Participant: 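The structure that follows is given in the form of structure tokens.
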2 protein chains.
Amino acid sequence: MSTTTDAARPASLSIGALAGRSGCKRQTIRWYEEIGMLPEAARTEGGHRVYGPQHLARLEFIRHARGLGFPLDDIRTLLDLSGQPGRSCDEVHEIGARLLDAVDARMRRLAAVREELHRIVASCTTGGPAASCRILDALADHHHDGCAAQSDTGAVG
Amino acid sequence: MSTTTDAARPASLSIGALAGRSGCKRQTIRWYEEIGMLPEAARTEGGHRVYGPQHLARLEFIRHARGLGFPLDDIRTLLDLSGQPGRSCDEVHEIGARLLDAVDARMRRLAAVREELHRIVASCTTGGPAASCRILDALADHHHDGCAAQSDTGAVG
DNA sequence: CATGGGGGCTACAGCGACTGTAGGTTCAAG
DNA sequence: CTTGAACCTACAGTCGCTGTAGCCCCCATG
């Protein structure tokens with residue numbers, strides 16, 4: 001184990017190195033700093049940001065939580081809570097449970113959409129003229145909806 | 001069946017009436033017009049928009065397709081294609097199939113996220129101090145990821 | 001005919017969570 | 001010392017809306 005320049009856990013990182021290790025883009029890191037998700041980085045004399053291992057850990061936490069669908073506000077709360085270890089973890093649990101409910105709801109909705117979409121796409125025999133296209137029929141026909149038009153599937157295409 | 005003022009399919013609609021019938025908000029309708037998803041409405045002398053049944057049909061098409069997760073650009077294409085019925089429906093089919101793929105991918109990812117989230121939340125016994133909270137442990141620990149951090153779960157909470 | 005209020009109008013800012021660009025500066029390797 | 005990659009700031013754009021401010025129109029009632 002070396003002292004100052006450990007390749008695995010270096011004591012100081014440029015924004016590019018931090019980006020490489022965390023999987024975030026440089027812009028995203030700067031933006032996280034701007035909105036207060038990351039503490040302000042130290043600077044070199046020339047103004048370049050300098051990060052330490054604690055920034056990497058925090059960024060990994062954020063990224064992992066983001067990957068699970070937590071909104072940044074919740075992540076901020078989680079980070080605050082983990083910073084004051086005396087507090088009850090009820091709030092943490094509640095955030096997780098709330099997100100789990102939201103994920104479940106989203107999955108149900110997505111499943112319904114998938115079914116309709118599958119039915120619509122399967123009903124269309126390719127090659128015909130658009131005039132007789134059942135996909136267009138199905139989209140134009142709002143009557144046997146089943147699931148339509150509450151939004152919140154998320155942008156997908 | 002009356003002639004000019006059929007309650008079910010009126011010959012002309014204010015933006016509010018169109019909003020009520022289509023389920024879109026007035027702002028959304030104006031915005032759709034602004035970005036060319038809807039043709040410009042006729043106006044009264046005082047400048048109020050006046051819509052006909054064709055606007056309602058188009059808006060219903062848009063709303064249904066949006067409900068299925070189609071992005072507006074795809075919907076525009078679909079609407080263009082349905083306006084030129086001679087063209088092959090291959091392109092329509094391709095858009096639908098592409099969306100179906102995206103929905104499938106999103107469902108798989110969401111299922112993986114749900115599992116991890118469930119595991120994390122279930123591992124946490126409420127009531128303890130945040131210092132020993134397994135949710136925070138799990139989020140801080142990026143090593144047994146399984147699914148993490150590729151984005152695209154969609155904002156959920 | 002006046003008035004009140006509900007709906008309409010435009011224009012623009014904001015959301016979430018970034019991404020991309022332009023134009024300039026710094027750093028480190030050769 | 002030179003070069004060019006990496007960095008800096010600031011700001012616009014993405015997607016699909018939503019909300020606000022401040023004014024105007026239209027119709028029904030008195």
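Chain letters run A, B, ... following the sequence lines, proteins first, then strands; residues in each count from 1. All figures in this text were calculated on a predicted structure; none of them were measured in a lab.
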Participant: C/dT10 P sits how many Å from B/I15 CD1, rounded?
Facilitator: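 Interatomic distance, CD1 of B/I15 to P of C/dT10: 8 Å.
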Participant: Once you round it to whole Å, what is the distance between P of D/dA6 and CG of A/L18?
Facilitator: 15 Å
Participant: How close do A/C24 and A/R63 get, counting heavy atoms only, and between which atoms?
Facilitator: SG-CD, 3.7 Å
Participant: For A/R43 and C/dC27, what is the distance between atoms CZ and C1' respectively, to the nearest whole Å?
Facilitator: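 Going from A/R43 (CZ) to C/dC27 (C1'), I get 15 Å.
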Participant: Look at B/R66 and D/dC17 and indicate whether a side-chain polar atom (N or O) is within less than 4.0 Å of OP1 or OP2.
Facilitator: yes
Participant: Should A/S14 be listed as having a side-chain N or O under 4.0 Å from OP1 or OP2 of D/dC7?
Facilitator: yes
Participant: Going by side chain to side chain contact (heavy atoms under 4.5 Å, CB included), name the residues that satisfy it together with A/A19, two or more places apart in sequence or in a different chain.
Facilitator: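 A/A19 satisfies side chain to side chain contact (heavy atoms under 4.5 Å, CB included) with A/R26, A/I29 once adjacent residues are dropped.
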Participant: Residues in salt bridge (charged side-chain N to carboxylate O under 4.0 Å, His left out) with A/R76, at least two apart?
Facilitator: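 Partners of A/R76 under the salt bridge (charged side-chain N to carboxylate O under 4.0 Å, His left out) test: A/D73.
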Participant: Send over the distance from A/L38 CG to C/dA17 P, rounded to a whole Å.
Facilitator: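 After rounding, the reported distance stands at 15 Å.
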Participant: Using a cut-off of 4.0 Å on non-hydrogen atoms, how would the nucleic acid contact of A/I35 be classed: base, sugar-phosphate, or nothing?
Facilitator: nothing
Participant: Under the side chain to side chain contact (heavy atoms under 4.5 Å, CB included) rule, collect the residues that match up with B/E91, sequence neighbours excluded.
Facilitator: B/T77, B/L81, B/R87
Participant: For DNA chain C, find the residues of residues 23-32 of chain B with a heavy-atom distance under 4.0 Å and give them by number; none if there aren't any.
Facilitator: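 Per residue number, the list reads B/R26, B/R30.
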Participant: Could you pull out the protein-nucleic contacts involving nucleotides 1-3 of chain C (nitrogen or oxygen on both sides, under 3.5 Å)?
Facilitator:
none

Participant: Who pairs with A/D104 by salt bridge (charged side-chain N to carboxylate O under 4.0 Å, His left out), at least two apart in sequence or on another chain?
Facilitator: B/R114
Participant: For B/Q54, does the CD atom have more than 12 heavy-atom neighbours from other residues, nucleotides or ligands under 6.0 Å away?
Facilitator: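 Enclosed: over 12 neighbouring heavy atoms sit under 6.0 Å from CD of B/Q54.
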Participant: Are the charged groups of B/R98 and B/E94 less than 4.0 angstrom apart, N to O?
Facilitator: yes
Participant: Please round to 10 degrees the angle between the axis of the first five pairs and the axis of the last five pairs in the helix from C/dC1-D/dG30 to C/dG30-D/dC1.
Facilitator: 10°
Participant: Excluding sequence neighbours, so at least two apart, what forms side chain to side chain contact (heavy atoms under 4.5 Å, CB included) with A/A17?
Facilitator: A/L13, A/S14
Participant: May I ask you to decide if A/D101's main-chain N or O and A/R106's side chain share a donor-acceptor pair within less than 3.5 Å?
Facilitator: no
Participant: Without decimals, in angstroms, what is the distance between A/E34 CD and C/dA17 C1'?
Facilitator: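 Rounding to the nearest Å, CD of A/E34 and C1' of C/dA17 are 12 Å apart.
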Participant: I'd like to check the salt bridge (charged side-chain N to carboxylate O under 4.0 Å, His left out) partners of B/R49; sequence neighbours left out, ordered by chain and number.
Facilitator: B/E33
Participant: Between A/M37 and A/V50, is there a shared hydrophobic cluster once you connect ILVMFWY residues whose side-chain heavy atoms come closer than 4.5 Å?
Facilitator: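 Not linked; separate clusters.
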Participant: With sequence neighbours left out, which residue pairs that include part of residues 10-51 of chain A fulfil the ring pair (Phe, Tyr, Trp, His ring centres under 6.0 Å) condition?
Facilitator: A/Y51-A/H55
Participant: Without decimals, in angstroms, what is the distance between A/Y51 OH and D/dA6 P?
Facilitator: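 Taking OH of A/Y51 and P of D/dA6, I get 16 Å after rounding.
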Participant: Write down the distance between CZ (A/R49) and C1' (C/dC27), rounded to a whole number of angstrom.
Facilitator: 16 Å
Participant: If the condition is side chain to side chain donor-acceptor pair (under 3.5 Å), which residues does B/D80 pass it with, not counting sequence neighbours?
Facilitator: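 Not a single residue meets the side chain to side chain donor-acceptor pair (under 3.5 Å) criterion with B/D80.
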Participant: So which protein nitrogen or oxygen atoms get under 3.5 Å of nucleotides 22-26 of chain D's nitrogens or oxygens?
Facilitator:
residue	atom	partner	partner atom	Å
D/dC26	OP1	B/G46	N	3.1

Participant: In this structure, would A/L56 and B/L139 fall into the same cluster of hydrophobic residues linked by side-chain contacts under 4.5 Å?
Facilitator: yes
Participant: Using whole Å, report how far CZ of A/F70 lies from C1' of C/dG16.
Facilitator: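 So the two atoms are 17 Å apart, to the nearest Å.
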